[in-house]
Number of protein chains: 2
Amino acid sequence: MISKNLTAASTKPIILGILKQGNSYGYLIIKKIKELSGGKMEYSDGMLYPVLHRLEKEKFIKSNWTMDGGSRPRKYYEITELGKQELVHEQAQWVEVTSVLETLWGKTSTST
Amino acid sequence: MISKNLTAASTKPIILGILKQGNSYGYLIIKKIKELSGGKMEYSDGMLYPVLHRLEKEKFIKSNWTMDGGSRPRKYYEITELGKQELVHEQAQWVEVTSVLETLWGKTSTST
DNA sequence: TCGTAATACTTTGATATTCTATGTATATAG
DNA sequence: CTATATACATAGAATATCAAAGTATTACGA
């Protein structure tokens, strides 16, 4: 299992990344994350929905209810332009930190 | 500046990584992180010391006071065997999550 | 030698975050 | 008709965080 901190740090870029691939809704996003991580990351609904609400409040995503004939209502989320910008920003930060870590890992592994 | 979440997620591997390179003490660790990140990550002392205490309590690092002639007392920290194992573990998790993100980034950038 | 800045470590507690638990409701399979 | 999966929502207990304040020593210029 992925640690709490790391989960927290990756939640935003993962959700935005998934939505950049195409619109989706809460329940499906949870499944997609589980699938993408090979089961290593698993969000409960109580964990994910509040994050979606926050991201929407911050204008990174927007939602609209859909009732595809027959199925029950779903709240589809879509990434906004602002959200795309934020994703780029998140990406840059991730690379930044990873680079610091790689410097350290590189140096620590020289002893073979 | 690096986001709070990402800072939180990287604190442990960064500290353990620095100490794996060689013993160090709080004040110097703060400076080293700032230097390594090109100023993008900056810990206040109030942020770092409690983390060191926690890591020591968890047996990932151990400390001993030194009084090199002339200079004031310093609490040097050293990584333990358990700490080295934990670092490997942290590293694996980081790679895991980065791989999920890269999958998403890869797919999102196909549109050129 | 006096004052200031840098070094060095510590702890408290207000503030913010998180996520568990719980609730609602529909669709579907058996 | 019942159990389970789907689908979304939120209160608030529990926890984590970090700014701020405190202590003390050394270095250094005036």
Side-chain angles (χ1 to χ4, degrees), chain A residues 1-15 18-19 23-35 39-58 60-78 97, chain B residues 1-15 18-19 23-35 40-58 60-78 90 97:
Chain A
M1 271 291 287
I2 302 300
S3 76
K4 219 171 79 169
N5 276 339
L6 204 43
T7 302
S10 56
T11 299
K12 189 153 78 162
I14 286 180
I15 293 176
I18 286 173
L19 291 180
N23 299 352
S24 192
Y25 57 95
Y27 198 83
L28 194 57
I29 291 172
I30 290 172
K31 298 206 150 171
K32 214 171 275 187
I33 293 176
K34 192 178 173 184
E35 183 206 326
K40 296 211 174 64
M41 307 185 80
E42 199 169 351
Y43 287 85
S44 67
D45 47 3
M47 277 168 72
L48 190 81
Y49 287 114
V51 176
L52 289 173
H53 298 163
R54 204 195 68 219
L55 290 177
E56 184 169 29
K57 203 170 146 203
E58 293 171 323
F60 296 136
I61 62 180
K62 58 185 174 187
S63 67
N64 56 307
W65 286 97
T66 58
M67 338 257 180
D68 331 288
S71 81
R72 91 193 51 93
R74 284 174 186 154
K75 201 176 188 178
Y76 268 85
Y77 285 96
E78 181 188 342
V97 175
Chain B
M1 269 291 288
I2 302 299
S3 76
K4 219 170 81 168
N5 276 341
L6 204 43
T7 302
S10 57
T11 299
K12 189 153 78 163
I14 286 179
I15 292 176
I18 286 173
L19 291 179
N23 299 353
S24 191
Y25 57 95
Y27 198 82
L28 194 57
I29 291 173
I30 290 171
K31 297 207 152 172
K32 214 171 276 187
I33 294 176
K34 191 178 173 185
E35 183 206 325
K40 295 210 175 65
M41 307 186 80
E42 199 169 351
Y43 287 86
S44 67
D45 47 3
M47 278 168 72
L48 191 81
Y49 287 113
V51 176
L52 289 172
H53 298 161
R54 204 195 68 218
L55 290 177
E56 184 169 28
K57 204 171 146 203
E58 294 172 322
F60 296 138
I61 62 179
K62 60 187 173 187
S63 66
N64 57 308
W65 286 97
T66 58
M67 338 257 178
D68 330 288
S71 80
R72 89 190 54 93
R74 284 173 186 155
K75 201 175 188 178
Y76 269 85
Y77 286 94
E78 182 188 341
E90 289 281 328
V97 175

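In what follows, chains carry the letters A, B, and so on, assigned in the order in which the sequence lines appear, proteins first and then strands, with residues in each chain numbered from 1. What you are looking at is a predicted structure, and each value in this text was computed from that prediction instead of being measured. What you see below is based on every heavy atom in this structure, not just the backbone, and it leaves out hydrogens, waters and symmetry mates.
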Nearest-0.5 Å distance that lies between atom NZ in B:Lys40 and atom CE in B:Met1: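 Output value for this atom pair is 11.5 Å.
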Output the distance between atom CD1 (A:Ile2) and atom OG (A:Ser10), rounded to the nearest 0.5 Å.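 So the gap between those two atoms works out to 7.5 Å.
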Expressed as a whole number of angstroms, how long is the span from [X]:[atom1] to [N]:[atom2]?
| X | N | atom1 | atom2 | value |
| --- | --- | --- | --- | --- |
| B:Trp65 | C:dT7 | CH2 | C1' | 12 Å |
| B:Met67 | D:dT25 | CE | C1' | 12 Å |
| B:Tyr76 | C:dC9 | OH | C1' | 14 Å |
| B:Leu48 | C:dT7 | CG | C1' | 15 Å |
| A:Lys57 | D:dT10 | NZ | P | 12 Å |
| B:Arg74 | C:dT10 | CZ | C1' | 17 Å |
| B:Leu52 | D:dT17 | CG | P | 14 Å |

What's the angle between the local helix axes at either end of the helix from C:dT1-D:dA30 to C:dG30-D:dC1, using five pairs per end and rounding to 10 degrees?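 Answer rounded to 10°: the end axes differ by 20°.
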Those residues of residues 23-35 of chain A lying under 4.0 Å from DNA chain D by at least one heavy atom: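 Heavy-atom contacts with DNA chain D come from A:Tyr25, A:Gly26, A:Tyr27, A:Lys31.
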Could you name each residue pair satisfying salt bridge (charged side-chain N to carboxylate O under 4.0 Å, His left out) that touches residues 4-14 of chain A, not counting sequence neighbours? A:Lys12-A:Glu86, A:Lys12-A:Glu90
For B:Glu78, what residues pass the salt bridge (Lys or Arg N to Asp or Glu O under 4.0 Å) criterion, not counting sequence neighbours? none
Looking at B:Lys31 and B:Glu35, is any side-chain nitrogen of the basic one under 4.0 Å from a carboxylate oxygen of the acidic one?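 B:Lys31 and B:Glu35: not salt-bridged.
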Tell me which one of B:Ile14, B:Leu6, B:Ile30 satisfies side-chain contact (heavy atoms from CB on, under 4.5 Å) with B:Met41.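 Single side-chain contact (heavy atoms from CB on, under 4.5 Å) partner of B:Met41 among B:Ile14, B:Leu6, B:Ile30: B:Ile14.
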Does OP1 or OP2 of D:dT6 have a side-chain N or O of A:Arg72 closer than 4.0 Å?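 No, because none of the side-chain N or O atoms of A:Arg72 sits under 4.0 Å from OP1 or OP2 of D:dT6.
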Within the pair A:Tyr49 and D:dC8, is there a side-chain N or O less than 4.0 Å away from OP1 or OP2?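 Looking at the OP1 and OP2 atoms of D:dC8, one of them is under 4.0 Å from a side-chain N or O of A:Tyr49.
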If a protein heavy atom is under 4.0 Å from the base, mark B; if only from the sugar-phosphate, S; if neither, -; do that for nucleotides 18-23 of chain C going 5' to 3'. SSBB--
Could you pull out the closest heavy-atom pair between B:Ser63 and B:Tyr77, with the gap in Å? CB-CE2, 3.5 Å
B:Tyr25: partners by ring pair (Phe, Tyr, Trp, His ring centres under 6.0 Å), with sequence neighbours left out: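 Checked B:Tyr25 against ring pair (Phe, Tyr, Trp, His ring centres under 6.0 Å); matches are B:Tyr76.
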Close side-chain approach of [X] and [Y], heavy atoms under 4.5 Å:
| X | Y | result |
| --- | --- | --- |
| B:Tyr43 | B:Thr11 | yes |
| B:Leu55 | B:Leu19 | no |
| B:Ile15 | B:Leu48 | yes |

